[in-house]
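Some notes on the structure that comes next.
Nothing fancy with the numbering, it's 1 onward along the sequence.
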Amino acid sequence: QEAFKQAPSWPDAVWDAMQTCTEWATLEPAFAQATVVELLSIGPDALDLLHSLMDAFSLFLRPGYALLEPSAAGALDETVSQHVFELMHTHLIHASPATLSTLMPEVARTALTPFLGPAATEQFIARRQADC
């Protein structure tokens with residue numbers, strides 16, 4: 001949440017929060033593996049926890065709704081959150097948590113495109129990648 005709050009814009013806040021998450025996964029690879037991959041095999045209580053985590057992620061999307069028609073409020077939360085989790089889950093099945101940061105462009109694309117549109121999202125990603 002700190003990274004999100006300190007960012008200069010909403011797209012930067014989403015990027016910074018997810019980058020903080022991927023950096024944390026590098027420092028705590030066993031926990032990252034357990035919370036993203038193994039969580040799905042534990043049982044119903046774990047699925048409740050997963051849904052809570054996705055609900056928490058959807059809070060990062062809230063400012064994006066100001067860019068859309070009021071009727072869209074909340075309509076994208078579940079879809080975007082599930083896709084971000086799926087990206088991370090698939091990556092961690094096949095690769096180390098240390099490489100999770102390579103997903104940043106795709107995570108940003110998933111989270112921001114529904115709100116900013118494809119062109120603005122790609123411009124944002126290009127800017128952030130150039131800053132690295």
Residue pairs passing the ring pair (Phe, Tyr, Trp, His ring centres under 6.0 Å) test with at least one member in residues 86-123, sequence neighbours excluded, are Trp10-Phe115, Tyr65-Phe115, Phe85-His89
Thr121 and Gly117 have their tightest heavy-atom pair at OG1-O, 2.7 Å
So CD of Glu86 and CD of Gln82: to nearest 0.5 Å the spacing works out to 8.5 Å
On a heavy-atom basis, the closest approach of Ala111 and Val80 is CA-CG1, 3.7 Å
Near Gln1 CD, under 6.0 Å, is it more than 12 heavy atoms from other residues, nucleotides or ligands? no
For Glu122, the side-chain contact (heavy atoms from CB on, under 4.5 Å) test, sequence neighbours excluded, returns Arg109, Ile125
Students should find that the hydrophobic cluster of Phe31, defined by side-chain heavy atoms under 4.5 Å apart, otherwise consists of Trp24
Interatomic distance, OG@Ser81 vs CG@Leu76, rounded to 0.5 Å, equals 10.0 Å
Smallest heavy-atom separation, Ala25 atom then Pro97 atom, equals O-CB, 3.5 Å
| message | Within the 4.5 Å heavy-atom criterion, are Leu116 and Pro11 side-chain neighbours or not? | response | yes
Answer yes or no: is there a side-chain heavy-atom contact under 4.5 Å between Met18 and Glu23? no
One should read off an interatomic distance between Cys21 SG and Asp16 CG, to the nearest 0.5 angstrom, of 13.0 Å
>> Main chain of Ala95, side chain of Thr99: is a donor-acceptor contact present, judged purely on distance under 3.5 Å?
In response: no
Closest heavy-atom pair, Pro63 versus Phe4, reported as atoms and distance to 0.1 Å, is CG-CZ, 4.1 Å
Residue pairs meeting salt bridge (Lys or Arg N to Asp or Glu O under 4.0 Å), one or both in residues 66-78, sequence neighbours left out, come to Arg62-Asp77
query: Side chains of Leu112 and Val14: closer than 4.5 Å at any heavy-atom pair?
result: yes
Salt bridge (Lys or Arg N to Asp or Glu O under 4.0 Å) filter on Asp12, not counting sequence neighbours, yields Arg127, Arg128
Heavy-atom nearest pair, Ala3 first then Thr20, reads CB-OG1, 3.3 Å
If you look only at distance, which donor and acceptor atoms sit under 3.5 Å apart when one is on a side chain in residues 51-59 and the other is two or more places apart or in another chain?
residue	atom	partner	partner atom	Å
Ser52	OG	Asp48	O	3.1
Ser58	OG	Asp55	O	2.6

Please check: side-chain N/O of Thr22 versus main-chain N/O of Gln19, any donor-acceptor pairing under 3.5 Å? yes
task = Give a yes or no on whether Ile93 and Leu100 share a hydrophobic cluster (residues Ile, Leu, Val, Met, Phe, Trp, Tyr; joining criterion: side-chain heavy atoms under 4.5 Å apart).
result = yes
